[in-house]
Amino acid sequence: MSNVGIVLISHSLKVVEGIQEIIQQAVHNVPIEIAGGTDDNKIGTSVQKIINAIVKAYSEKGVLLFYDLGSAKMNADLAIELYGYENVKVVNAPLLEGAYVAAVESSIGKSLEEIEQSTQTITKDS
Amino acid sequence: MKLDVQQVLNWLEKTNEKIQMNKEYLTSLDRAIGDGDHGINMSRGFQEVIDKTSTTTYTSVSDLFKDVAMTLLSKVGGASGPLYGTAFLKMSMIVKNREPIDKKTLEDALESALEGILQRGKANLNDKTLVDVWTPVVDLLKDKEVIKGSELEEVSKNAMESTKERMAKKGRAAYLKERSIGHLDPGSVSSYYLFASLAEVLSEEE
């Protein structure tokens, strides 16, 4: 059975590559895809990269998107609208800590809604 | 007033000329209170728009606006990509089968574009964003039976200049809080170029 996928969105490719590395050290059975930087890998975000990452992370369990600043959220919303999936959601939580908690919960089989719920209360102490 | 494909192409070209001419200026405004990429993003985005639209044959403004939207969405990495892209996408939907565009259709299209910008960026009026220019422009169109190029130019220019004294509440500049006061909002300046160009097209028809 598949697990909820995670997409990491940042203005910087290095940022999401690093976070992906941190998460994959602990979690091995969850699709963690990245969308970092613009199409030519400059600082910014790309709606196309986000769509590609969603496609790769997708299963019937759904996908959660984590983002860093400004346009990342807008392009994440746009990707979902343009693509039209219902069980793909943007999560309003810190990129690193949020995605880490989500990946761990996904790895033990939790649902999209359960994981989204847990990420709402993340602090540095949790 | 009537806007057909040729006039909208003219509008886009004038906008692109202003953006290319003021690329460094937009960048310097954004460097003061943002991340310094607005000039580069807008100049790349609108050059791509012109490259695309000047080599394509259009039978409707709706199709033309849609290509503008998709180009800006895919080629601009900063916040202006999704914001302007959404605006043109909304306009494309509104003008469909209502061409050539008359004053009422333009009013509806710009109002829908503003709603799209508000929904996408979650900003409010007076947050020191492009909303501060789009809102009075939409209000002007709603208030007037006939829209004059000179009025559109004046309203959009005043609105753009009024962002200088505001404190940013949305976008990168918001992190600076009081320090954002005294600087123009770069997105409002590029929106002014868009409306000043539309004003020129309207004036040529008067």
Side chain to side chain contact (heavy atoms under 4.5 Å, CB included) assessment of A:Leu78 paired with B:Leu73: CA-CA 9 Å; A:Leu78 251 172; B:Leu73 289 179; 3.3 Å; yes
Distance in Å, B:Ser74 OG paired with A:Lys49 NZ, rounded so as to fall on 0.5 Å steps: 13.5 Å
Exceeds 12 heavy-atom contacts within 6.0 angstrom, atom CD of A:Glu86: no
A:Tyr100, OH: over 12 other non-hydrogen atoms inside 6.0 angstrom: no
Which of A:Thr38, A:Ile43, A:Thr45 touches chain B most, by non-hydrogen pairs under 4.5 Å: A:Thr45
Heavy-atom neighbours of B:Lys103 NZ exceed 12 at 6.0 Å: yes
Contacting region of A:Asp39 [heavy-atom separation from chain B under 4.5 Å]: side chain
Heavy atoms of other groups near B:Lys122 NZ, more than 12 under 6.0 Å: yes
Side-chain heavy-atom pair B:Thr86, A:Glu81 within 4.5 angstrom cut-off: no
Atom pair CG/NZ of A:Asp40 and B:Lys75 - distance to nearest 0.5 Å: 8.5 Å
Closest non-hydrogen atom pair between B:Gly77 and A:Asn75, with its separation: O-ND2, 4.5 Å
Residue-level interface, residues 21-30 of chain B with chain A, non-hydrogen cut-off under 4.5 Å: none
Other residues, nucleotides, ligands: >12 heavy atoms within 6.0 Å of A:Gln24 CD: yes
Chain A contacts, top residue of B:Ala79, B:Gly171, B:Ser80 (heavy-atom pairs, under 4.5 Å): B:Ala79
Enclosure of A:Glu114 CD (heavy-atom neighbours >12, cutoff 6.0 Å): yes
Segment of B:Arg120 engaging chain A (4.5 angstrom heavy-atom cut-off): both
Over 12 foreign heavy atoms within 6.0 Å of CD, B:Gln20: yes
